[in-house]
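What you see is a predicted model, and the numbers here were worked out from it, not measured in a lab.
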Protein chains: 2
Amino acid sequence: MTTAETAVEAIQREMTIFARRARASAGRMHPELSLVSYTLLGHVEESGGCRAADLAAHYALDKSTVSRQVTALERAGLIERRVDPEDHRVQVLHLTEAGAEILAQVTLSRRAAFRERLANWPEEDLTRFARYLERYNAGPATAADPD
Amino acid sequence: MTTAETAVEAIQREMTIFARRARASAGRMHPELSLVSYTLLGHVEESGGCRAADLAAHYALDKSTVSRQVTALERAGLIERRVDPEDHRVQVLHLTEAGAEILAQVTLSRRAAFRERLANWPEEDLTRFARYLERYNAGPATAADPD
DNA sequence: CGTTCTAGTTGTATAGTACAACTTGAACTG
DNA sequence: CAGTTCAAGTTGTACTATACAACTAGAACG
């Protein structure tokens, strides 16, 4: 086996480990927010207001799933739905103040966890690792994400 | 923000993206095998026969969850339970021939997917990326995996 | 013995998901 | 412009993975 093949296997193995851990912790990421609702909330913030259908498309989720997540986030007071005056079928989603706060808080606590985990890494390794991950994720969707 | 902080944020962001994709595809990784059952099956193979309690401990799953997964894998004919003659409470799990075949096949198809995704990477980047992932996963369990 | 520990199963509940059927509103078309 | 088709969301239903708690069966210990 070539060096490159060995490396690919190691990448596969480590990505699988990470994916498994991710899966295990996704539901209890934060008392307030699961991994899914965190990412949805984050997208609503970044986009500055988007539709449920945008979330479904972006995250490859069924519209019914998004509908229920949105319902839950609204019940929790983290987002609000504003009916588009141009098209009454559309609800534009916005963070509430509470939603923005929680999102910021969760982002900070996640960041602190990552910082801690990466605390002893030399800067050069951090930047290279970040570049590799970006490159990996930017790749075409294949069975390796992480199928 | 320092360069290192920027890199940590990028790592967090990319790991979150990966975790979300992992979660989305974990259930439909392969017609035969979900991500969880794949890893369980892999562990049974590596260990050369282990108990359900070992799997639960290793993957931080409840014993009831493992019990049901094992039941499903047995129903599918991929593993068999052998009652330990020394201790009748214990069932030692072994791959069946079919289980070993399916596991090998899934491993190959996953490897092919990773290979394809990483096809254009220079060997040096592959080995460095692999080292970074290993180092990341080897770190102490924290909220960043990927909590 | 009988108490306590261990391995695993089963009952029950919850979260997240998909698919299908439906509702409502918009847009297009003869 | 009426009728059809398209689009955005919701709701009904079902399934999977999960956890926790209660239980069963067997082992160990004293």
Side-chain angles (χ1 to χ4, degrees), chain A residues 19-41 44 47 49-76 79-94 147, chain B residues 19-41 44 47 49-76 79-94 147:
Chain A
R20 181 180 51 67
R21 291 186 184 167
R23 176 170 181 76
S25 63
R28 42 201 150 83
M29 188 180 87
H30 186 275
E32 312 278 354
L33 237 40
S34 73
L35 179 63
V36 173
S37 45
Y38 173 74
T39 56
L40 294 184
L41 217 54
V44 170
S47 67
C50 67
R51 299 172 306 158
D54 297 337
L55 295 174
H58 193 75
Y59 295 110
L61 292 170
D62 192 80
K63 58 187 178 168
S64 64
T65 301
V66 172
S67 173
R68 285 172 169 120
Q69 290 285 330
V70 166
T71 301
L73 289 170
E74 189 191 35
R75 260 195 286 101
I79 62 175
E80 55 180 25
R81 300 148 131 136
R82 301 185 193 154
V83 172
D84 184 343
E86 306 286 293
D87 183 341
H88 286 195
R89 292 170 305 181
V90 172
Q91 299 171 1
V92 183
L93 307 173
H94 292 271
D147 230 6
Chain B
R20 178 180 52 67
R21 289 186 185 167
R23 175 168 184 78
S25 63
R28 42 201 149 82
M29 188 179 87
H30 187 276
E32 312 278 353
L33 235 41
S34 72
L35 178 64
V36 173
S37 46
Y38 173 74
T39 56
L40 294 184
L41 217 55
V44 170
S47 66
C50 66
R51 299 171 307 158
D54 297 337
L55 296 174
H58 193 74
Y59 295 111
L61 292 170
D62 192 80
K63 60 188 177 167
S64 64
T65 301
V66 172
S67 173
R68 286 171 168 122
Q69 291 284 331
V70 165
T71 301
L73 289 170
E74 189 190 35
R75 260 195 287 104
I79 62 176
E80 56 181 24
R81 298 150 132 137
R82 300 183 194 155
V83 172
D84 184 342
E86 306 287 293
D87 181 343
H88 286 195
R89 291 169 306 179
V90 172
Q91 298 171 2
V92 183
L93 307 174
H94 292 271
D147 230 7

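Rounded to whole Å, the distance from CG on Asp54(A) to P on dA8(D) is 9 Å. The separation between Asp62(B) atom CG and dA15(C) atom C1' is 16 Å, rounded to whole Å. We find that CG of Leu55(B) is positioned 16 Å from C1' of dT9(C), with the value rounded to whole Å. Summarising the geometry, the separation between NZ on Lys63(A) and P on dA7(D) is reported as 10 Å, rounded to the nearest angstrom. For Leu35(A) and dT18(D), the CG to C1' distance is 16 Å, given to the nearest whole Å. dA7(D) atom P lies 12 Å from atom CG of Asp87(A), rounded to whole Å. Nucleotide dG26(D) holds its P atom 10 Å from the CZ atom of Arg89(B), rounded to whole Å. Leu40(A) has its CG atom 16 Å from the P atom of dA15(C), to the nearest Å.
Heavy atoms of Val70(B) sit nowhere under 4.0 angstrom from any nucleic acid atom. Nucleic acid contact for Val66(A): none, since no nucleic acid atom lies under 4.0 Å from a heavy atom of the residue.
In this structure, Asp87(A) contributes its side chain and Asp84(A) its backbone to no donor-acceptor pair below 3.5 Å. Thr71(A) contributes a side-chain N or O that, together with a main-chain N or O of Ser67(A), makes up a donor-acceptor pair within less than 3.5 Å. Counting only distance, with no hydrogens or angles, the side chain of Tyr59(B) and the backbone of Thr39(B) share a donor-acceptor pair below 3.5 Å. Between the Ser37(A) side chain and the Leu33(A) main chain, no donor and acceptor come within less than 3.5 Å of each other.
Of the candidate nucleotides dC19(C), dA27(D), dA17(D), dA17(D) has the atom lying nearest to any side-chain atom of Gln69(B).
Under 3.5 Å, the side chain of Arg68(B) and the base of dG11(C) form at least one donor-acceptor pair of N or O atoms.
Partners of Ser64(B) by side chain to side chain contact (heavy atoms under 4.5 Å, CB included), not counting sequence neighbours, listed by chain and number: Asp62(B), Arg68(B).
Two residues, Thr65(A) and His88(A), neighbour DNA chain C, and the one matched to the more 5' nucleotide by heavy-atom proximity is Thr65(A).
Look at Ser67(B) and you'll find a side-chain N or O under 4.0 angstrom from OP1 or OP2 of dT9(C). For dT10(D), the OP1/OP2 oxygens have a side-chain nitrogen or oxygen of Arg81(A) closer than 4.0 Å. At least one side-chain nitrogen or oxygen of Ser34(A) sits closer than 4.0 Å to the OP1 or OP2 atom of dG16(C).
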